[in-house]
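Here is the structure we will look at, set down as structure tokens.
Atom set for the values below is all heavy atoms of this structure, side chains included, hydrogens, waters and symmetry mates excluded. Residue indices begin at 1 and follow the sequence shown.
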Amino acid sequence: MIPKEVYIQTEIEEADTIATWLSEKKGKKVYLQTPKRGAKEKLVELAKKNAQMVLDSDRERIKKEEGRTIGAMKEIAELLGMDQIKRMEAYDISNTSGFESVGSMVVFEKGKPKRSDYRKFRLKTVEGPNDYASMKEVLTRRFEHGLRDMEEEMENSFTAFPDVIMMDGGKGQVNIALEVLRELNLNIPVCGMVKDDRHRTRGLYFHNEEIPIDKYSEGFKLITRLQDEAHRFAIEYHKSLRGKALVKSFLDDIKGIGPARRKALMRTYQSAEEMKNATVEDLLKIPEMNEEAAQNVYAYFHG
């Protein structure tokens with residue numbers, strides 16, 4: 001919406017040209033005015049004060065946000081004796097309930113999660129709950145992939161290497177990461193996020209020593225967020241795989257549900273509970289299903 005009159009605080013260059021352009025956009029004459037006294041001048045002054053209040057509020061909000069992100073990264077860099085840290089990667093392994101192990105990679109850039117660069121790993125060479133071997137496989141696959149893509153001049157999340165790798169743990173996990181990097185001729189700092197007996201972060205393990213960190217600092221809070229995010233992402237992926245495996249296993253027992261219908265059902269419903277709540281009519285909305293197959297699935301849960 002273009003108004004008939006525009007009040008501005010100070011004279012501007014080419015005011016006539018701007019007024020002509022606005023008039024053409026509106027289809028009617030538009031006037032640019034610089035009030036010097038009276039109600040219009042007070043209105044412009046009020047607009048200025050309102051704008052200043054918004055600017056001050058935004059400035060304070062931005063300052064706080066920079067403190068908890070970029071400022072926190074600077075704190076961590078100082079603790080580790082590094083010039084700067086722009087990108088951090090953290091990894092976690094999940095292997096609960098005797099189900100297959102999975103790994104997660106989360107990325108923080110300039111103190112914020114960069115979810116487009118997160119990656120999931122389904123373990124291929126490790127059987128059973130072996131965190132060290134699992135972590136070695138995950139890190140090897142991640143950096144081999146990155147080196148391979150670099151050779152092929154591809155740009156993606158794997159070719160963007162971190163300024164520091166943050167491992168969830170102390171000496172053991174750090175040494176696993178350093179071993180992988182040595183084997184691949186990579187030189188990336190590795191830092192361990194050490195936890196206390198209550199599973200809470202208490203310090204950083206770097207260059208064979210534990211560095212205490214102020215638990216009230218923004219750097220500490222950022223490390224905690226990074227740790228929690230890596231853990232959450234791994235657990236979320238693990239639950240997803242467990243759910244799909246359970247759905248797949250019981251679908252094998254239902255008459256008339258072959259590979260195509262099984263895939264269609266698993267694509268439509270994320271869990272057995274969701275499928276249980278579906279009516280026959282709901283099931284028939286899936287193109288691969290027919291009346292008999294839908295009735296059989298429904299009967300499996302309700303028969």
Close side-chain approach of C191 and L80, heavy atoms under 4.5 Å: yes

statement: Rounding to 0.5 Å, atoms NE2 (H145) and CZ (F121) come to a distance of 9.0 Å

message: Quick check: closest heavy atoms across L32 and A15, and the distance to 0.1 Å?
response: CD2-O, 3.9 Å

task: Could you check E218 against K74 for salt bridge (Lys or Arg N to Asp or Glu O under 4.0 Å), going step by step and ending with a plain yes or no?
output: CA-CA 10 Å; E218 291 298 340; K74 288 180 180 177; over 6 Å; no

task: Any chance you could measure D168, atom CG, to M135, atom CE, to the nearest 0.5 Å?
output: 7.5 Å

query: Given the side-chain rings of F158 and F143, with only the six-membered ring counted for Trp, is the space between their centroids under 6.0 Å?
result: no

message: Can you tell me how far apart OG1 (T125) and CD (E137) are? Round to the nearest 0.5 Å.
response: 3.5 Å

- prompt: M88 and I211: same hydrophobic cluster, using ILVMFWY side-chain contacts below 4.5 Å?
  reply: yes

field: NZ (K42) with more than 12 external heavy atoms under 6.0 Å
entry: no

Minimum side-chain heavy-atom gap M275-V297 below 4.5 Å: yes

- request: Could you walk me through whether K4 and K28 pass side chain to side chain contact (heavy atoms under 4.5 Å, CB included), step by step?
  value: CA-CA 8 Å; K4 181 179 179 181; K28 294 180 180 179; over 6 Å; no

- request: Taking the side chain as every heavy atom from C-beta outward, state whether E45 and Q9 have any atom pair closer than 4.5 Å.
  value: yes

task: Hey, could you give me the CZ/OG1 distance between F161 and T159, rounded to the nearest 0.5 Å?
output: 7.5 Å

Point-to-point distance, once rounded to the nearest 0.5 Å, from CE of M53 to CG of N50: 6.5 Å

query: So does K263 pair up with E288, basic N to acidic O under 4.0 Å?
result: no

- prompt: Are M150 and V180 connected in the hydrophobic side-chain network, where two residues link if heavy atoms are under 4.5 Å apart?
  reply: yes

Expected output: side-chain E75 to main-chain G219 donor-acceptor under 3.5 Å: yes

field: Minimum side-chain heavy-atom gap V106-Y91 below 4.5 Å
entry: no

- request: For E5 and V30, run side chain to side chain contact (heavy atoms under 4.5 Å, CB included): C-alpha distance rounded to whole Å, both residues' side-chain angles, the deciding distance at 0.1 Å, then the answer.
  value: CA-CA 6 Å; E5 295 178 321; V30 174; over 6 Å; no

query: Taking it one step at a time, do M289 and I257 satisfy side chain to side chain contact (heavy atoms under 4.5 Å, CB included)?
result: CA-CA 9 Å; M289 298 292 287; I257 303 300; 4.2 Å; yes

- request: Give the cluster check for I70 versus I213: same hydrophobic cluster or not, with ILVMFWY residues linked at side-chain heavy-atom distances below 4.5 Å.
  value: no

message: Any donor-acceptor pair under 3.5 Å linking the side-chain atoms of D56 with those of Q52?
response: yes

- request: Answer yes if L43 and I8 sit in the same cluster of Ile, Leu, Val, Met, Phe, Trp and Tyr residues linked by side chain heavy atoms under 4.5 Å apart, and no otherwise.
  value: no

field: Heavy atoms of other groups near D58 CG, more than 12 under 6.0 Å
entry: yes

- prompt: Closest heavy-atom contact between K26 and I2?
  reply: NZ-O, 2.8 Å

statement: One should read off an interatomic distance between L139 CG and L181 CG, to the nearest 0.5 angstrom, of 7.5 Å

query: Does Y31 belong to the same Ile/Leu/Val/Met/Phe/Trp/Tyr cluster as W21, with side-chain heavy atoms less than 4.5 Å apart forming each link?
result: no

message: Whether the side chain of K120 engages the backbone of S104 through a donor-acceptor N/O pair (distance < 3.5 Å, no angle test) should be reported.
response: no

- line: Scanning both residues in full, the closest heavy-atom pair of S116 with R119 reads O-NH1, 3.2 Å

- request: Among M166, K221, H231, find the residue that satisfies the side-chain contact (heavy atoms from CB on, under 4.5 Å) test when tested with L226.
  value: M166

query: Which atoms form the tightest heavy-atom contact between A177 and M167, and what is the distance?
result: CB-SD, 4.0 Å

message: I'd like to know if E109 and K114 make a salt bridge, using a cut-off of under 4.0 Å between side-chain N and carboxylate O.
response: yes

task: Give a yes or no on whether a salt bridge exists between E144 and R141, defined as a side-chain N under 4.0 angstrom from a carboxylate O.
output: no

- prompt: Are the charged groups of D117 and R87 less than 4.0 angstrom apart, N to O?
  reply: yes

message: Under the criterion side chain to side chain contact (heavy atoms under 4.5 Å, CB included), I'd like the reasoning laid out for R232 against D228: C-alpha separation, chi angles, the key distance, then a yes or no.
response: CA-CA 6 Å; R232 179 201 65 78; D228 291 345; over 6 Å; no

- prompt: Tell me, do E291 and L284 make a side-chain contact under 4.5 Å, heavy atoms counted?
  reply: yes

message: As a test of understanding, state which of N290, I254, L283 forms a side-chain contact (heavy atoms from CB on, under 4.5 Å) with R261.
response: N290

- request: Look at K276 together with E274 and state whether they make a salt bridge at an N to O cut-off of under 4.0 Å.
  value: no

message: With a sphere of 6.0 Å drawn around CG of D16, does it hold more than 12 non-hydrogen atoms of other residues, nucleotides or ligands?
response: no

task: Flag the pair T34 / K36 as yes when at least one side-chain heavy-atom distance between them is below 4.5 Å, and no otherwise.
output: yes

- prompt: For residues D282 and T279, is any side-chain donor paired with an opposing acceptor at under 3.5 Å?
  reply: yes

message: Are the side chains of E89 and V107 in contact, using a 4.5 Å heavy-atom criterion?
response: yes

- prompt: Would you say M82 and P189 make side-chain contact, with heavy atoms under 4.5 Å?
  reply: yes

message: Looking at E152, I want to see if its CD is surrounded by more than 12 non-hydrogen atoms of other residues, nucleotides or ligands under 6.0 Å.
response: yes

message: Testing the basics here: between G170 and V194, what is the closest heavy-atom pair and its distance to 0.1 Å?
response: CA-CG2, 4.1 Å

message: Does the plane of the ring in Y118 sit parallel, tilted or perpendicular to the ring in F233? Use 30° and 60° as the thresholds.
response: perpendicular

- prompt: If every non-hydrogen atom of P162 is compared with every non-hydrogen atom of I165, which pair is closest and at what distance?
  reply: CG-CG1, 3.8 Å

message: Less than 6.0 angstrom from the centroid, inside 45 degrees of the normal: does K112 satisfy that with respect to the ring of F108?
response: no

